[in-house]
Amino acid sequence: MAKKFGLIVLLAILFILVLIFKPWRTEEKLPPRFFDRLPEADIIGKTNVLDLSRSLQGTMYYYKTPMREFLSHEFILSQSKTYGLDLQKPAFFFLNQTDWALQDIGVMCFVSDSSKLRLGLEKIKVLSSLRDTVIADLKTYYDPNRSIYATYGDDWFLLYNGNNYNKLIKGVTEAQLNEIPPKWRDFLNSSIYMRSGTIIQLKFPELTEYGVESVSLSMTNDSTNAYFETIVHSTDTLWFSLKNEGGPSYEQQEFTSNLINLHLDISRLKNDPNDPFYKLVSRIGRKIHFPVSEFLKAWEGDIAVRQGGYHVSKEFFIESELDEDFNVTEVQKSRNVKVPGYSIYMSTNQYRDQFLYKLISKGLLTEDQDRYRFIFSPPLHLKKGMNNLQLHTSSYTPKLIQDTVNQVFIRHNYSRIEGLIDSTKAKAVYGRIKVPLSNYIKDYIPAAGQ
C-alpha cells in the first residue's frame with residue numbers, strides 16, 4: 001500500500017512539473033532591447049533633447065533665430081507626447097566618416113506609443129515630399145531627393161540621412177538580445193555617459209594613425225558660446241606631459257588671429273622614434289624635407305607662436321636706370337611694404353645651431369639681407385638667446401611673459417576657437433574648447449539676427 005501511495009505522489013509531482021515547464025512548448029525568443037539595436041559607427045553619442053533645448057533657448061533669443069518658439073522645451077515636450085516619442089529619455093546619435101569627410105548621420109530615440117508616432121509621420125507625409133515604402137519588413141518614410149529615412153518599432157524610432165540605409169536598417173532589425181555593439185557598450189559603461197547634456201565619442205582608424213584611441217567631448221553652452229570638456233585617450237603612453245613651471249608665452253593682443261603657447265616635457269618623444277606622433281611628424285615633414293630628428297633633438301618643449309596684424313618692412317630691390325649718357329645702370333632702392341605679423345619662440349639646447357644649419361643646407365631657411373625667410377614666409381628677424389630661438393617680422397623683439405597656461409587660439413569662419421590643455425595622465429589628455437556661436441548660427445540659419 002505504501003509503495004502504491006509513493007508512486008501516486010511521484011506521478012503527481014511529475015505532472016505538476018510538466019504543467020509548470022510545459023516542455024512541449026517552443027522556447028519563446030525574447031526581442032532585443034533598445035540598446036541592442038544601436039548601430040556601430042565612427043562617432044557616437046547621446047543627448048537629452050529637452051535639456052539641450054532648454055540650454056539653447058538663450059542662444060536662440062540672443063541671435064533672434066527664426067521659429068525659435070517651436071524649438072522651446074515646452075513645445076518639444078508637448079509634441080513628443082502627442083506623437084508618441086519619449087524625449088524625457090536620452091536620444092542617441094551616430095555618424096560615419098571617410099578620410100575626415102562626413103558620410104552619414106542618424107539618431108535613435110525611445111518610443112512611448114508607436115500608434116501615435118505612425119499618425120504623426122502620416123501627417124508629415126501629407127505636408128511634405130515624404131513617400132513611404134517597405135524595407136526590411138518595416139514601413140519606411142523617405143525623401144528621395146535628400147536621402148532622409150524614418151522608421152520605427154514598438155519602442156524605438158530611427159531618423160537617418162545617408163546612402164547606406166538598407167545595410168543600416170538590416171542591422172537594427174536583426175539585432176539580438178544582449179548583443180550591444182562594442183563601441184556602444186564601452187560608451188554606455190563609461191563614467192562620461194553618466195553626465196547630463198550632450199556627450200560625443202570619436203573612435204575610428206584615422207585617429208589611430210595619430211596615436212589616438214578615442215576622443216570624448218562633453219558639451220555645455222551659454223547664450224553666445226559652446227563649451228566642450230575634452231578627453232583624448234592615447235593608444236600608448238603619452239608622448240608628452242605638462243611642465244609644472246610653465247614657460248615663456250606671448251600675450252593675446254587685439255590684433256591676434258592665431259596664438260599657440262605650449263610648455264611640454266617631451267623627453268619620452270625624443271627617445272622613442274617609434275612613437276605614433278614621432279612617425280606622424282616625420283611623415284608630414286618628409287613632404288618638405290624638414291629635418292624632424294634634428295628639430296626634436298634641439299627643441300626643449302616650449303613653443304609660442306603669435307600671428308596677426310601687419311608690420312612695415314623695408315624691402316630692397318634693384319632697378320635699371322638710364323644715366324645722362326643713356327647707359328643702363330643698376331640702382332639699389334628700397335620701399336616700405338606691409339607684411340603679415342609673425343612671432344615665433346622655441347626653447348632650445350646645445351643642438352640649436354645644428355638644427356639651423358640643417359634648415360639652411362636644405363634650402364628651407366634662406367638669408368634675405370639681414371633677415372631670413374622660412375620657405376615662403378615674409379622676411380623674419382632671427383635672434384639666438386641663451387637657450388632659445390626667436391623669429392619675428394617686427395623690427396623689435398616681441399615681449400614674452402612667464403605663464404603656465406597651455407593654450408591654442410585658432411580663427412575659423414571669422415570666429416576664434418579657444419583650446420586649453422588642463423592636465424595629462426599616462427594615456428590621456430584633459431582639456432577644454434570654447435567655440436563662439438555667432439557666425440555658425442548665421443551660416444546655418446541665414447535669417448538669424450534679422
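Bear in mind that the values here come from a model prediction, so they are computed numbers and not experimental data.
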*Which value, rounded to the nearest 0.5 Å, describes the distance between L130 atom CG and T140 atom OG1?*
11.5 Å
*Is K270 close to Y278 at the side-chain level, that is, under 4.5 Å between some pair of heavy atoms?*
no
_Student check: side-chain heavy atoms of Q390 and L400 closer than 4.5 Å_ = yes
*Is the side chain of N406 donor-acceptor paired with the backbone N or O of I421 at a distance under 3.5 Å, no angle test?*
no
*Work out which heavy atom in P39 is nearest to a heavy atom in M108; give both atom names and the distance.*
CD-SD, 3.8 Å
*Go through W299 and F355 one step at a time and tell me if the side-chain contact (heavy atoms from CB on, under 4.5 Å) criterion holds.*
CA-CA 9 Å; W299 185 38; F355 167 59; over 6 Å; no
*asked:* Which heavy atom of T82 sits nearest to which heavy atom of S78, and what is that distance?
replied: OG1-O, 2.8 Å
*Atom OH of Y83 and atom OG of S115: how far apart are they, to the nearest 0.5 Å?*
13.0 Å
*So do Y141 and K125 actually touch side chain to side chain, heavy atoms under 4.5 Å?*
yes
Check: residues 153-162 side-chain donor-acceptor pairs under 3.5 Å, at least two apart:
{"from": "Y160", "atom 1": "OH", "to": "D104", "atom 2": "OD2", "distance (Å)": "2.7"}
{"from": "Y160", "atom 1": "OH", "to": "N164", "atom 2": "N", "distance (Å)": "3.1"}
{"from": "N161", "atom 1": "ND2", "to": "R146", "atom 2": "O", "distance (Å)": "2.8"}
{"from": "N161", "atom 1": "ND2", "to": "S147", "atom 2": "O", "distance (Å)": "3.0"}

*Does the side chain of F92 come within less than 4.5 Å of W184's, by heavy atoms?*
yes
_Note, T173 side chain near L138 side chain (heavy atom, < 4.5 Å)_ = yes
*Could you check I135 against T133 for side-chain contact (heavy atoms from CB on, under 4.5 Å), going step by step and ending with a plain yes or no?*
CA-CA 7 Å; I135 302 176; T133 186; 3.9 Å; yes
*Does D368 pair with R371 as a salt bridge, N-O distance under 4.0 Å?*
no
*Can E174 and R37 be counted as an ion pair, charged N to O under 4.0 angstrom?*
no
_Between R411 and E418, is the salt bridge (charged side-chain N to carboxylate O under 4.0 Å, His left out) condition met? List the steps._
CA-CA 9 Å; R411 190 167 294 278; E418 304 178 15; over 6 Å; no
_Between S249 and H263, do the side chains contain a donor N or O and an acceptor N or O under 3.5 Å apart?_
yes
*Considering non-hydrogen atoms only, spot the tightest contact between L207 and L202 and give its length.*
CD1-O, 3.7 Å
*Salt-bridged, K183 to D186, with N to O below 4.0 Å?*
no
*asked:* Between F110 and F34, is the ring centroid distance below 6.0 Å?
replied: yes
_Heavy-atom side-chain contact between L356 and L389 under 4.5 Å_ = yes
*asked:* Between Y227 and D222, is there a side-chain donor-acceptor contact under 3.5 Å, judged purely by atom types and distance?
replied: yes
*Verify, without hydrogens or angle tests, whether Q103 (side chain) and N96 (backbone) share a donor-acceptor contact under 3.5 angstrom.*
no
_To check you understand the geometry: which heavy-atom pair defines the closest contact between E213 and T235, and what is its length?_
N-CG2, 3.5 Å
*Might you point out which heavy atoms bring S80 and L77 nearest each other, and give the distance in Å?*
OG-O, 2.7 Å
_Within 45° cone of Y193 ring axis and under 6.0 Å: K46 NZ or CZ_ = yes
*Quick one: pull up CD in E294 and OG in S361 and give me the separation to the nearest 0.5 Å.*
8.5 Å
*asked:* As an exercise, state the distance from CD1 of I433 to CG of L217, rounded to the nearest 0.5 Å.
replied: 6.0 Å
*Are the charged groups of K81 and D86 less than 4.0 angstrom apart, N to O?*
no
*Side-chain donor or acceptor of S190 paired with backbone N/O of F187 under 3.5 Å*: yes
*asked:* Could you go through E209 and R283, starting from their C-alpha distance and side-chain angles, then the distance that decides it, and tell me whether this counts as side-chain contact (heavy atoms from CB on, under 4.5 Å)?
replied: CA-CA 11 Å; E209 290 183 15; R283 190 189 314 158; 3.9 Å; yes
*Between K427 and D236, is there a side-chain N and carboxylate O pair less than 4.0 Å apart?*
no
*Within a strict 4.5 Å, meaning less than it, do heavy atoms of the V292 and F295 side chains meet?*
no
_Set out, in order, the CA-CA distance, both residues' side-chain angles and the distance that settles side-chain contact (heavy atoms from CB on, under 4.5 Å) for L259 and N261, then state yes or no._
CA-CA 7 Å; L259 179 68; N261 289 312; 3.9 Å; yes
*Y345: what forms a ring-ring contact (aromatic ring centres under 6.0 Å, His included) with it, not counting sequence neighbours?*
none
_Over all atoms of both residues, closest heavy-atom pair of S53 and S72_ = OG-C, 3.2 Å
_Axial cation check for Y351 ring with K297, 6.0 Å and 45° limits_ = yes
*asked:* With a 4.0 Å cut-off on N to O distance, would you call D42 and K203 a salt bridge?
replied: no
*Please name the residue in the list N388, N387, D302 that meets the side-chain hydrogen bond (donor to acceptor under 3.5 Å, both in side chains) test with S347.*
D302
*Between P32 and Q176, is any pair of side-chain heavy atoms under 4.5 Å apart?*
no
*If you measure from OH on Y310 to CZ on F255, what distance do you get to the nearest 0.5 Å?*
12.5 Å
*Starting at CD of Q97, measure out to CD1 of I43 and round the result to the nearest 0.5 Å.*
6.0 Å
